[in-house]
Colleague: 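Below: one structure in structure tokens.
These numbers were taken from a predicted model, which means no experiment stands behind them. First the proteins, then the strands, lettered A, B, ... as listed; each starts at 1.
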Amino acid sequence: MLRAAIMSGLLSTMSGVAIAVDKDQPAPDFSGEDLRDGRPIHQVDFSGKVLLVDFWASWCSPCRQAMPRYEALRKEFASQGFEVIAVNVDQHPKEGLKALQSTQVSFPVVDDSEGSVASAYDLKVMPTSFLVDRHGVVRRINRGFHVAEVEDLRQAIAALVAKK
Amino acid sequence: MKWALCVCVLAACLVLTAGCGMSPKPWQRGDLANPRMAWDPDPLDAAARDHTYFSKEAASGSVGAGAGGGGCGCN
């Protein structure tokens, strides 16, 4: 009984602990519904592509600044096997939807109002985006968004799409 | 019996304090980021209020060193 009590205490204390996703580690798989039309989205459907998994929210100004840049990158590299998956972490999906009306993007936007995908990726800051190679391995983590770093990201994408 | 009580108290403490010290995750700050949650939603209004407060309180010597004004708000 003593052992069970101690174990239950420890487990309840550790319930919030998540394993951080780091560079050169496999990106966690996820699935969800598109925020705009409820269409199912599975990360595995994009296997073999270079992916930018971008976590954003309507209340996060840098996140919204990043979206048009990611849209431009997608247009530039889409033919070479590059895709962006945006993960909206608004607790109230209507707010994310409203933000998408002013910042229209063509890539999938997963509704993660429950925070399960964000939790799996163990975000440290908003925004964060993960550049994942064709084999599903995280190759770059962008914490925060700075316009000056977009060119670095562009070069990283160019290098990854060039690899088969 | 005594040790069982101790174990129960310990377990209860662990369970009750499990949530202590857990701050909201970065993706859970939407409601906190709402302007209505700001300490001073209107910076201009807050500055005017501060000025009035300082002018009134300084007159009685309770703010800053000594009497800082006549209470009229005109520096």
Colleague: Distance check, rounded to the nearest 0.5 Å: A:M126 atom CE versus B:K25 atom NZ?
Modeller: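 Answer rounded to 0.5 Å: 14.0 Å.
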Colleague: Show the nearest heavy-atom pair for residues B:P26 and A:W59, with the distance to one decimal.
Modeller: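 Closest heavy-atom pair between B:P26 and A:W59: O-CH2, 3.2 Å.
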Colleague: What is the distance from atom OH of A:Y121 to atom CH2 of B:W27, rounded to the nearest 0.5 Å?
Modeller: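 With rounding to 0.5 Å, OH (A:Y121) is 13.0 Å from CH2 (B:W27).
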Colleague: For A:A57, which atoms come within 4.5 Å of any heavy atom of chain B: side chain, backbone, both, or neither?
Modeller: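 It is neither, since no heavy atom gets under 4.5 Å.
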Colleague: Counting only heavy atoms not in A:E76 (residues, nucleotides, ligands), do more than 12 fall under 6.0 Å from its CD?
Modeller: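 Result for CD/A:E76: enclosed.
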Colleague: Are A:F130 and A:I157 grouped together when hydrophobic residues (ILVMFWY) are joined by side-chain heavy atoms under 4.5 angstrom apart?
Modeller: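 No, A:F130 and A:I157 fall in different hydrophobic clusters.
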Colleague: Please check if A:F46 and A:L52 belong to a single hydrophobic cluster, counting links between Ile, Leu, Val, Met, Phe, Trp and Tyr side chain heavy atoms closer than 4.5 Å.
Modeller: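 Unlinked, A:F46 and A:L52 end up in two clusters.
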Colleague: CD/A:Q91 to CD/B:Q28 distance, rounded to the nearest 0.5 angstrom?
Modeller: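 So the gap between those two atoms works out to 6.5 Å.
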Colleague: Can you tell me how far the CG atom of B:N34 sits from the CD atom of A:E95, to the nearest 0.5 Å?
Modeller: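 Taking CG in B:N34 and CD in A:E95, the distance rounds to 7.5 Å.
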Colleague: Treating Ile, Leu, Val, Met, Phe, Trp and Tyr as nodes and any side-chain heavy-atom pair under 4.5 angstrom as an edge, say whether A:L123 and A:V21 lie in one connected cluster.
Modeller: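 Same cluster.
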Colleague: If hydrophobic clusters are built by linking Ile, Leu, Val, Met, Phe, Trp and Tyr wherever their side-chain heavy atoms come under 4.5 Å apart, do A:V125 and B:L32 end up in the same one?
Modeller: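 As far as the 4.5 Å side-chain criterion goes, B:L32 and A:V125 are not connected within one cluster.
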Colleague: Are the side chains of B:D31 and A:H92 in touch, meaning some heavy atoms are under 4.5 Å apart?
Modeller: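 Yes, side chains in contact.
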Colleague: Same cluster or not: A:M67 versus A:I85, using hydrophobic residues (I, L, V, M, F, W, Y) connected whenever any side-chain heavy atoms lie under 4.5 Å apart?
Modeller: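 In one cluster with A:M67: A:I85, no.
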